[in-house]
Number of protein chains: 2
Amino acid sequence: MKQAPANTRFAAVAVDIVIFTIIDDVLCVLLGIVDRPPHYQNIEACIGGLVEVNETTEAALHRHLQTKTTLQNLYIEQLYTFSEIERDKRNRVISVSYLGLVRQSEDVTSLPEGLRWCPVHELPKLAYDHSDMFAVAYSRLKGKLAYTTIAQFLLPKTFTLTELQRVYELITGAHIDKRNFRKKLLSLDVVKETGRMQEGMKNRPAALYTFKTTKLVELPLLT
Amino acid sequence: MKQAPANTRFAAVAVDIVIFTIIDDVLCVLLGIVDRPPHYQNIEACIGGLVEVNETTEAALHRHLQTKTTLQNLYIEQLYTFSEIERDKRNRVISVSYLGLVRQSEDVTSLPEGLRWCPVHELPKLAYDHSDMFAVAYSRLKGKLAYTTIAQFLLPKTFTLTELQRVYELITGAHIDKRNFRKKLLSLDVVKETGRMQEGMKNRPAALYTFKTTKLVELPLLT
DNA sequence: GCAAAAGTGTTAGGTATACACCCATGC
DNA sequence: GCATGGGTGTATACCTAACACTTTTGC
């Protein structure tokens, strides 16, 4: 195993991830119970864990996600590195934080013991500096919504245009005109009709769309 | 001094900074000679250094800037954290990188031995993963130029509108119409006339402007 | 008076916004 | 047939983009 330089026994490096999803028309974030007396008891935080000497921060993140959740196919991007000396009152830990998005689907709601989806508007005070971390993540999400197709990672692979519009409305908090939204979106040439229709609705069924690519595309989706 | 957890003797954490400035109408980046045999000889890199256990990454960055350069009043923002295991062939080092901008002024060109300003279009292959780091920094700079007033940190405190326009043209590589640029800029209400004029020009002297605030302001400065 | 850069308005085309009604389905 | 959300077009205001000449200064 590759060693750190002998004279630089350093702080631990950790990764933490702020994971968003939409459940029942509410934007939620994944929180886990922290139980680390004396400083952190009866308090929640984003999930994460230490980085080993022989793994990248991305590898560490995936390892912690696998051992602590059953979530699959997340969209992940690096967010910010937090290094305040007292950010973890127990030890010196530098944290590389990530933003994660999970598509809406059934298995999202089946979480292991100790984890929960918390609506972002009911967020409690979090352990460590995770309240700041959440704020950075939420701000990044809002920002990227406007000029990328990041919303796709909060929706099922196929979705109705109304569902996509709701993602924008939920996260920006603003009402969007249905006709203008569709006109703009279709002009950007990033989604295509699947030809299939929503089923089991008690009203007129909506056409199902899908993004042309699962990559994040940069373009001004909202003005 | 606060200790790292006993069981987490970790890789070193470093900071590195990609510093841009404009010299003689050319966008340049600060490089320093690296001399670390056997892997890194006769090669340049961005400046940086290790983070100590009892300092934040920002504090470490300022410490290394002070000891290695005479630059003052930089604009600095965190960029990205690089953690590839082999990114430094000598030891495991995670690097928190920063973007730095220095205003054009005389003292910018008086650099200590071993440092130089390299035009971004003549950039050599850099040590470690600093070529990637540069690419991320350059991309961030281009991106933020479009929707913030970040250009102010590449200009003297007072400047002419033509100088400001040149910053945009240099970094985006696109020609901008003078009349449209001025109209847009003035409508955004971020700069004000100082009332003073450029002196010593062999042509008509230009009015000197200044930004209303030295904070970074977010707004669409370019379409 | 000539060279060099500063400064200034108008028009046309495209984009954003505001707005209301009919349609398809389940019950 | 009624309640529910799906789906569609137009008119206006605004913003963007293209474009050329006069002004001021140093030499």
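Side-chain atoms are counted along with the backbone in the values below, which use heavy atoms only and exclude waters and symmetry mates. Proteins come first, then strands; the chains are lettered A, B, ... in the order of their sequence lines, and each starts at number 1.
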Open item on the list: Can you tell me which residue among B:Phe20, B:Phe211, B:Phe153 is in a ring pair (Phe, Tyr, Trp, His ring centres under 6.0 Å) with B:Tyr75?
Closed with: B:Phe153
TODO: Would you state whether a donor and an acceptor, one from the side chain of B:Lys183 and one from the base of C:dT10, lie under 3.5 Å apart?
DONE: yes
Task: Protein-nucleotide distance (A:Asn203, atom CG; C:dC27, atom P), rounded to Å - done: 10 Å
- [ ] Pick base, sugar-phosphate or nothing for A:Thr160, based on heavy-atom distances below 4.0 Å to the nucleic acid.
- [x] nothing
Open item on the list: If the cut-off is 4.0 Å, is B:Lys178 near the phosphate of C:dT8, judged by side-chain N/O to OP1 or OP2?
Closed with: no
Open item on the list: Tell me if the side-chain of A:Asn180 makes a donor-acceptor pair with the base of C:dA18, cut-off 3.5 Å, by modelled atom types.
Closed with: yes
Task: Nucleotide D:dG7, atom C1' - distance to CG of A:Leu164 in whole Å - done: 16 Å
TODO: May I ask you to say whether A:Glu163 pairs ionically with A:Arg166, meaning some side-chain N is under 4.0 Å from a carboxylate O?
DONE: no
TODO: Taking only the side-chain heavy atoms of A:Arg204 (C-beta and beyond), determine which of C:dA6, D:dG5, D:dT8 contains the nearest atom.
DONE: D:dG5
Task: Pair A:Gln165, A:Thr162: side-chain N/O donor-acceptor within cut-off below 3.5 Å - done: no
TODO: Report the residue (A:Met201 or B:Met197) whose heavy-atom-nearest nucleotide on DNA chain C is the more 5′ of the two.
DONE: B:Met197
- [ ] Rounded to the nearest angstrom, tell me the gap between atom CD1 in A:Ile176 and atom C1' in D:dG6.
- [x] 17 Å
TODO: State plainly whether the residues A:Glu44 and A:Arg116 are in salt-bridge range, i.e. N to O under 4.0 Å.
DONE: yes
TODO: Whole angstrom is fine here: how far is it from CD in B:Gln198 over to P in D:dT24?
DONE: 16 Å
Open item on the list: If I take atom CD in residue B:Glu199 and atom P in nucleotide D:dT24, what distance separates them, rounded to the nearest angstrom?
Closed with: 18 Å
Open item on the list: I need the NZ-C1' distance between B:Lys184 and C:dG9, as an integer number of Å.
Closed with: 18 Å
TODO: Would you kindly give the CG-to-P distance between B:Leu185 and D:dC15, to the nearest whole Å?
DONE: 16 Å
Task: Pairwise 5' ranking along DNA chain D for A:Lys202 and A:Asp177, keeping only the more 5' one - done: A:Lys202
Open item on the list: Starting the side chain at C-beta, find the nucleotide from D:dT24, D:dT8, D:dT16 nearest to B:Pro205.
Closed with: D:dT24
Open item on the list: Under 6.0 Å from the ring centre and within 45 degrees of the ring axis: does the NZ or CZ of A:Lys142 meet both conditions for the six-membered ring of A:Tyr138?
Closed with: yes
Task: Rounded interatomic separation in angstrom, taking CZ from B:Phe181 and P from D:dA18 - done: 16 Å
- [ ] Give a yes or no on whether a donor-acceptor pair under 3.5 Å exists between the nucleobase atoms of C:dA20, that is its base, and the side chain of A:Arg179.
- [x] yes
Task: Phosphate OP1/OP2 of D:dG7 contacted by A:Arg182 side-chain N/O (<4.0 Å) - done: yes
